[in-house]
2 protein chains.
Amino acid sequence: MKILVTLLLGAMVFCAQSQTPSFMPLPHSIEMQSGKMFIDSNFNIALNGPESKRLTVASGRFLARLGKATAIRIPMNSILRRNKGNVEITIQSSPSMPSETADESYSLKIESQKILLQAASDLGAMRGLETLLQSLQQDISGFYFPALKIEDSPRFAWRGLMMDACRHFMPVDVVKRTLDVMSSMKMNVFHWHLSEDQGFRVESRKFPLLHEKGSDGMYYTQAQIKDIVQYADLRGIRVIPEFDLPGHATAWLVGYPELASAPGPYDIERFFGVFDPTFDPTIERTYEFLDAFFGEMATLFPDPIMHIGGDENNGIQWNNNPAIQSFMNDNGIRDNHGLQVYFNKRLITILKKYNKQMMGWDEIMEEGLPTSAIIHSWRGKEFLVKASEKGYKTVLSAGYYIDLSHSAAQHYKNDPITSEMILTTEQRSRILGGEAPMWAELVNEENVESRIWPRVAAIAERFWSSGEVKDEVDMYRRLLAIEPFLELSGSHHVRNREMMIRRLWGGNDWQILMNLLDWLEPVEGYKRHGSKPRYNSLVPLSRAVDATMPDACNVVKFRVLLDDFVKTKDSNTWNKMYAMITETMAQRQILMEILPQKPALREMIPLSDNVMQSAEITRQIMDYYHKNKSLKGLNTKDLLNRASVFQTVHAELESGFLPMMEELVKKLE
Amino acid sequence: MKILVTLLLGAMVFCAQSQTPSFMPLPHSIEMQSGKMFIDSNFNIALNGPESKRLTVASGRFLARLGKATAIRIPMNSILRRNKGNVEITIQSSPSMPSETADESYSLKIESQKILLQAASDLGAMRGLETLLQSLQQDISGFYFPALKIEDSPRFAWRGLMMDACRHFMPVDVVKRTLDVMSSMKMNVFHWHLSEDQGFRVESRKFPLLHEKGSDGMYYTQAQIKDIVQYADLRGIRVIPEFDLPGHATAWLVGYPELASAPGPYDIERFFGVFDPTFDPTIERTYEFLDAFFGEMATLFPDPIMHIGGDENNGIQWNNNPAIQSFMNDNGIRDNHGLQVYFNKRLITILKKYNKQMMGWDEIMEEGLPTSAIIHSWRGKEFLVKASEKGYKTVLSAGYYIDLSHSAAQHYKNDPITSEMILTTEQRSRILGGEAPMWAELVNEENVESRIWPRVAAIAERFWSSGEVKDEVDMYRRLLAIEPFLELSGSHHVRNREMMIRRLWGGNDWQILMNLLDWLEPVEGYKRHGSKPRYNSLVPLSRAVDATMPDACNVVKFRVLLDDFVKTKDSNTWNKMYAMITETMAQRQILMEILPQKPALREMIPLSDNVMQSAEITRQIMDYYHKNKSLKGLNTKDLLNRASVFQTVHAELESGFLPMMEELVKKLE
């Protein structure tokens with residue numbers, strides 16, 4: 001029984017040693033020059049300008065990663081405060097917290113004898129160090145940085161990732177690794193979703209029943225939060241905590257039912273969706289509680305912005321509570337929207353006491369909301385536009401919901417500011433940037449990283465690089481190329497996914513299953529939530545769908561090869577594409593043998609058949625083209641029609657073949 | 001270019017579905033019966049007897065792992081306090097701390113309708129849950145537990161692992177994962193080496209310069225320590241902290257040089273070995289400091305035992321200090337041994353104040369040391385014997401130094417009590433058990449787990465199972481079989497190692513490099529410390545040697561197959577062995593092409609050649625046997641002589657081929 005490894009054929013392309021490094025996000029300007037700066041164990045960094053702990057730590061992380069990548073014995077403390085060194089870093093201003101107004105620009109010049117990195121701030125220098133490390137190359141003489149000149153600065157000041165630690169708890173090490181990789185992608189906002197119907201995740205000393213009763217024991221201690229906030233700051237990342245109010249509030253009310261708009265008792269919610277439990281905005285007790293609560297949280301979270309959620313309040317408890325209805329009557333509040341504005345205005349006053357500005361999901365933008373609030377657009381880009389028009393600062397998350405298994409290309413297309421948007425300069429300046437939310441109904445600590453990476457790197461590029469950078473295939477090419485850099489920077493997305501696949505398969509030859517899964521994608525949108533029995537927060541997420549990536553990796557590789565082939569007509573490239581298909585087909589026998597024997601994989605049988613049928617049709621198309629150097633005379637429409645039959649969804653998975661085949665036909669025709 | 005995956009051929013054997021589960025450590029008695037208890041999403045656990053948080057948490061971990069392994073939607077909180085359930089657990093006594101006298105026995109009875117688990121204590125029930133999970137099987141109808149009866153109890157009360165968090169810091173998540181996997185192997189002592197020349201790793205509020213100046217910022221906060229101690233307790237594991245005194249003490253003295261036996265200043269030591277800095281045992285300041293210090297530590301570490309190190313004091317600072325010399329003179333102390341006994345006696349008095357018993361490495365066992373001290377034998381088993389004869393309780397670590405890259409079989413052979421040891425019953429009872437020390441000069445957070453697992457499972461079996469259980473090949477067979485269980489229980493040893501190999505190779509086809517490394521082993525003993533330039537604690541550990549296992553995995557697999565073949569003469573088994581060799585040889589071409597291109601892998605070229613040459617000779621032997629059904633007429637001596645040439649050490653690695661070939665020849669002759 002002999003089995004071939006398909007993947008490596010693809011791999012050879014992307015890991016090729018090229019003269020132009022694959023940067024992500026793409027810098028503003030790159031000028032490649034001739035020359036190489038080779039690396040040995042004496043490699044060091046010289047720091048000039050005001051002292052910055054952030055930059056010292058970043059330099060240490062740089063050296064540690066350089067040592068890991070090269071296996072050269074570079075001591076990770078080869079950092080000097082003096083003019084001369086292999087990397088000479090100069091910053092102008094004293095360090096400051098990352099913020100909307102921070103200057104993150106830098107210029108990088110690599111020569112064969114030294115590297116100059118200059119920046120206004122420590123933040124800029126840190127961004128430049130990531131670019132430098134991405135430029136690492138190797139040839140037969142050793143590892144080196146290629147001579148080049150780069151000028152770079154971010155397009156948007158807000159380049160965020162939101163992590164939902166409530167639907168599934170995300171342990172401290174997962175959070176820290178995510179921060180590490182974010183900083184390697186020059187992201188600077190970590191939005192931490194900390195309260196929900198399914199869990200309250202912060203230790204409160206003032207109101208201990210919040211975490212004691214609302215978290216199943218899975219919460220961040222105050223020491224851990226302080227540690228994480230400092231860890232983020234050292235990586236040039238702001239931490240914006242979110243405490244979702246007045247809806248999505250079940251977990252708060254388990255310990256403090258007297259704050260709800262209907263009598264308790266309440267239990268932690270296990271299912272997902274929109275639920276009734278809502279704070280009562282008409283009683284003073286609520287504001288006394290929130291005043292004390294936010295006072296406590298202000299000591300943990302130094303950033304001037306506090307996210308209060310504000311989304312998906314279904315109003316049912318308010319409608320059914322006579323006291324709330326008469327309060328609205330007495331105060332001339334017309335509807336629940338008005339009542340939520342009343343609540344939010346009270347919140348703004350409380351937050352102001354603690355020098356916090358309010359941010360909330362776009363439902364908060366109702367008549368009467370002060371423009372000091374920041375609007376987080378999620379229901380559609382029109383809310384972003386409306387917010388900027390009305391004078392609110394605003395951040396875009398609509399179109400970046402990475403829990404929905406859309407392709408990276410789709411997110412990449414979504415731009416916070418496009419030429420079609422008719423806005424004044426001032427209105428534009430209120431669009432701070434964007435943020436990718438990683439809602440956690442269907443991810444846990446094992447697979448959250450492989451749902452974030454590598455594709456959030458494409459979103460990070462959207463936020464950092466020029467709006468002109470939009471070649472999708474080039475994005476995917478670089479996304480494949482920087483995967484080892486993401487892993488080097490701390491992500492466990494590859495290794496955890498491999499573990500999940502190994503667990504499902506139960507043997508060392510799990511690459512066969514991985515190759516199959518790499519042609520498949522989880523169904524998009526909210527479809528998985530419709531599966532029976534319904535998901536809840538206590539059941540395992542260890543099926544094939546949980547180990548499958550939203551961008552089917554084989555499809556991505558095939559598309560990049562196809563693009564190369566169309567440009568170059570290189571027969572090597574063609575052979576690699578062909579091998580991906582035929583070697584997949586060669587695995588049919590073993591899959592047919594093994595899948596029925598494994599109860600956890602039996603659901604994969606129809607998917608395996610679909611992939612094999614689609615591969616067979618793809619091979620027919622490729623054979624025809626290879627023989628005729630054209631698809632003329634081939635009934636491609638019929639073939640694609642036949643292929644569409646093999647797109648049936650099973651086990652919450654669908655094949656990525658059809659769109660790939662359509663592209664193949666289109667590009668070869 | 002087509003490459004074959006060797007490994008999967010081996011894998012098919014070990015992951016085969018068998019009727020008798022592969023237990024590790026092997027239970028005292030197993031009686032397989034007919035019947036299967038199939039698992040569905042309603043699977044639950046019923047707890048009877050006194051409430052135990054430990055057992056409730058263990059039940060949750062059991063269900064979570066069961067859910068992950070089966071991908072069945074079993075809620076992890078399906079734990080009931082009532083008589084009836086799928087697993088009915090009954091414990092007799094109230095929960096208590098794990099200790100030398102705890103009863104960890106259990107009996108397990110699996111029937112097709114229910115599972116009965118009975119134990120005197122919650123600890124015993126937890127051990128039984130691990131056995132139950134190890135019995136998980138699957139067939140075409142689903143996942144099930146096979147009917148059986150098991151009676152089990154540990155041979156030794158002390159089944160430990162020591163983690164050195166000083167030479168390289170081990171982050172909290174690494175510690176927690178290690179505790180998870182230890183508990184899955186029924187281990188119950190976590191000895192935490194927390195101070196050294198290279199680092200002081202605990203936050204001290206009384207003496208903050210200890211961690212502030214002695215740790216490079218890499219230390220455990222008091223909150224983290226409390227969390228870890230509780231985490232360990234919930235897994236039935238004692239935490240024994242070690243603060244090494246009076247030698248190995250450089251990192252303490254960076255902040256408090258006035259306690260040293262020679263004037264400072266001191267810097268954190270970066271190199272490895274035995275160094276001069278030593279506490280001054282003749283000044284009262286030392287004891288005032290240590291009194292306050294151990295008082296503080298006693299609040300963090302509840303276990304009644306405190307390990308004070310005591311090893312490798314070179315005495316140089318004492319010899320050179322006239323005040324110390326005259327103190328010795330004045331007090332009739334003859335030599336440095338006597339001075340260390342004086343120091344230890346003072347320490348014992350201090351520890352007693354905090355209800356702590358002293359434990360130390362076997363150097364502390366000098367004339368005059370009270371028998372309340374526990375002797376940790378590391379220099380040789382003779383110290384264990386001597387200690388038990390002299391009336392000390394004692395623990396064996398000599399022979400279990402897992403940093404030295406000896407084979408698992410070698411450690412497995414090493415038994416704390418053998419029939420050759422002539423001891424009274426009382427003397428035997430003082431031998432508490434054993435402990436595997438993971439010294440961390442040459443491991444860091446990336447590879448420490450793959451140096452601990454899977455082989456510490458073999459040591460865990462030595463400590464738990466009967467001394468009669470000593471079939472080496474059977475041990476290896478089960479060691480391979482329980483690898484997925486170790487991973488399911490939390491170990492990152494497989495995934496981290498794969499990451500390191502992927503990083504070295506730089507592409508998806510890293511399995512080729514892994515296959516090569518799986519024929520190799522790091523050189524044994526202290527040889528790596530002789531390499532130039534010398535290792536220190538700041539340089540990367542990311543070479544091939546760091547990603548290679550002390551038991552070359554391919555050699556282990558081949559040996560297990562060989563053992564099977566000799567017993568069964570099964571041609572399938574033979575073909576698998578043969579395929580391992582020929583497919584390795586088939587990778588020669590690609591290795592010859594790739595290795596010279598990769599600066600970090602160039603050192604592998606001679607090793608790759610050696611493996612290929614050895615494989616060729618192995619194939620010749622196998623071909624001859626296959627043709628002649630015997631080795632008669634083959635000059636095996638000459639072949640083995642030729643093979644010995646290809647055992648040359650390169651890059652701190654050596655081939656595992658020769659002993660394997662010798663075994664092949666011996667078993668086929």
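Note that the structure is predicted; figures quoted are calculated from it, not measured. Below, read A as the first sequence line, B as the second, and so on, with proteins coming before strands; counting in each chain starts at 1.
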### Task
Could you please spell out the steps behind the side chain to side chain contact (heavy atoms under 4.5 Å, CB included) verdict for B:E487 and A:R503?
CA-CA 9 Å; B:E487 187 159 32; A:R503 187 168 61 198; over 6 Å; no

### Task
Side chain from CB out, backbone as N, CA, C, O: work out which of these in A:A64 comes under 4.5 Å of a heavy atom of chain B, or both, or neither.
neither

#### Entry: Top of B:G67, B:A69, B:A223 for chain A proximity - count of heavy-atom pairs under 4.5 angstrom
B:G67

### Query
What are the two closest heavy atoms between A:I72 and B:P540, and how far apart are they?
O-CG, 3.0 Å

### Query
Is chain B contacted by the side chain of A:E446, its backbone, both, or neither, given a heavy-atom distance below 4.5 Å?
side chain

### Side chain proximity check, B:P533 to A:R73, heavy atoms < 4.5 angstrom
yes

### From B:N77 atom CG to A:R270 atom CZ, the distance as rounded to the nearest 0.5 Å
5.5 Å

### Message
Using side-chain heavy atoms (C-beta onward) and a distance below 4.5 Å, is B:Q138 in contact with A:K598?
### Response
yes

### N-O pairing of B:E498 and A:R502 below 4.0 Å
yes

### Query
How long is the span from the CD atom in B:Q224 to the CD atom in A:Q224, to the nearest 0.5 Å?
7.5 Å

### Task
Count the heavy-atom pairs under 4.5 Å between each of B:P596, B:G217, B:A71 and chain A, then report the option with the highest count.
B:A71

### Task
Decide yes or no for B:H492 and A:H492: does some side-chain heavy atom of the first lie under 4.5 Å from some side-chain heavy atom of the second?
yes

### Task
Using modelled atom types only, decide if a donor and an acceptor are shared between the side chain of A:R602 and the backbone of B:I140 within a distance under 3.5 Å.
yes

### Message
For chain B, which candidate among A:L504, A:N536, A:N496 shows the most heavy-atom pairs at distances under 4.5 Å?
### Response
A:N496

#### Entry: Contact class of A:L488 relative to chain B, heavy atoms under 4.5 angstrom
side chain

### Query
Any idea which heavy atoms bring A:P599 and B:F143 closest together, and the distance?
CB-CE1, 3.7 Å

### Query
Rounded to the nearest 0.5 Å, what separation is found between the OG1 atom of B:T221 and the CG atom of A:D227?
7.5 Å

